[in-house]
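Worksheet: the structure to be examined is printed underneath.
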Amino acid sequence: MAKLTLLTLLGLGLALFRDHRASYQTRLNAFQEITPVELPNCNLVKGIETGSEDLEILPNGLAFISSGLKYPGIKSFASDQPGKILLMDLNEEDPTVLELRVIGSNFDQSSFNPHGISTFTDEDNTVYLLVVNHPDFKSTVELFKFQEEEKSLLHLKTIKHKLLP
């Protein structure tokens with residue numbers, strides 16, 4: 001009798017588990033077939049063939065794009081080149097990208113590995129760009145001042161801290 005009760009309980013448990021798992025698979029659309037969609041206004045932008053990691057758009061239509069992230073487990077399209085920050089004017093009819101020159105005496109361009117980016121605009125309309133950087137697979141935040149006339153980034157500071165990984 002004990003064996004029959006145990007087998008019954010085991011069967012009920014397995015049935016509930018299967019039903020529970022199937023419920024999650026249904027709710028998460030685990031077996032849904034995805035149909036490709038053609039986007040009518042989607043075009044490849046020349047200059048970003050190596051991919052981009054993050055994008056930040058200013059109210060005036062200028063867009064900063066971080067490109068060239070190298071990280072373990074992520075495919076790199078330009079493993080021999082350092083990362084870069086690109087600029088695109090979204091107000092143009094056919095926007096193109098421009099690589100922003102990084103200037104500053106203590107910035108190591110060869111180990112630049114940009115990840116996320118964010119902007120801050122001061123009350124005098126000075127634009128600062130903060131870039132999460134992974135030189136040698138460590139984590140820092142680079143602070144740049146955007147110089148619109150020169151189309152460059154002035155490196156101001158590297159922020160390092162043990163809690164940044």
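Being a predicted model, the structure only gives us computed values, none of them experimental.
Using a 4.5 Å heavy-atom cutoff, the side chains of Ile117 and Leu129 are in contact. Counting only heavy atoms from C-beta outward, the side chains of Leu86 and Phe64 never approach each other to under 4.5 Å. Inter-residue side-chain proximity for Thr121 and Asn125 is flagged as met; some heavy-atom pair is nearer than 4.5 Å. Residues Lys151 and Leu100 are in side-chain contact: their nearest non-hydrogen atoms beyond the backbone lie under 4.5 Å apart. Contact check for Ile103 versus Glu150: no side-chain heavy atoms found under the 4.5 Å cut-off.
Remark: side-chain polar atoms of Asn113 are paired, donor with acceptor, to backbone N or O of His134 under 3.5 angstrom. Without hydrogens or angle criteria, Ser66 side chain to His115 main chain gives a donor-acceptor distance under 3.5 Å. Asp122 places no side-chain N or O within 3.5 Å of a backbone atom of Asp124 that could act as its donor or acceptor partner. For the pair Asn60 (side chain) and Leu62 (backbone), a donor-acceptor distance under 3.5 Å is present.
Interatomic distance, CG of Asp89 versus CG of Asp94, reported as 12.0 Å (0.5 Å rounding). Ile48 CD1 to Leu55 CG: the interatomic distance, rounded to the nearest 0.5 Å, is 8.5 Å. A distance of 8.5 Å separates CD in Glu142 from NZ in Lys160, rounded to the nearest 0.5 Å. Of the inter-residue distances, the one linking Leu69 atom CG with Asp54 atom CG reads 10.5 Å to the nearest 0.5 angstrom. To the nearest 0.5 Å, the span separating NZ on Lys145 from CG on Leu156 amounts to 7.5 Å.
In this structure, Tyr128 is not a member of the same hydrophobic cluster as Phe144, with clusters built from ILVMFWY side-chain heavy atoms closer than 4.5 Å. Both Val127 and Val102 are assigned to one and the same hydrophobic cluster, defined by single-linkage of ILVMFWY side chains at heavy-atom distances under 4.5 Å. Ile85 and Leu58 end up in the same hydrophobic cluster when Ile, Leu, Val, Met, Phe, Trp and Tyr side chains are linked at under 4.5 Å. The hydrophobic clustering, which links ILVMFWY residues whose side-chain heavy atoms are closer than 4.5 Å, places Leu4 and Leu10 apart. Linking Ile, Leu, Val, Met, Phe, Trp and Tyr residues whenever their side-chain heavy atoms come within less than 4.5 Å places Leu87 and Val131 in a single cluster.
In this pair, His155 and Phe107 present their aromatic rings tilted. The plane angle is within the 30 to 60° band.
Closest approach of Pro114 to Gly83, counting heavy atoms only: CD-CA, 3.5 Å. The two residues Met88 and Ile65 make their nearest non-hydrogen contact at CE-CD1, 4.1 Å. Here the shortest heavy-atom pairing between Ile57 and Ala63 reads CG1-CB, 4.0 Å.
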Walk me through whether Phe146 and Leu153 qualify under side-chain contact (heavy atoms from CB on, under 4.5 Å). CA-CA 5 Å; Phe146 175 54; Leu153 295 171; 4.0 Å; yes
For Val37 and Leu39, what are the C-alpha separation, side-chain angles and deciding distance, and is it a side-chain contact (heavy atoms from CB on, under 4.5 Å)? CA-CA 6 Å; Val37 176; Leu39 299 173; 4.2 Å; yes
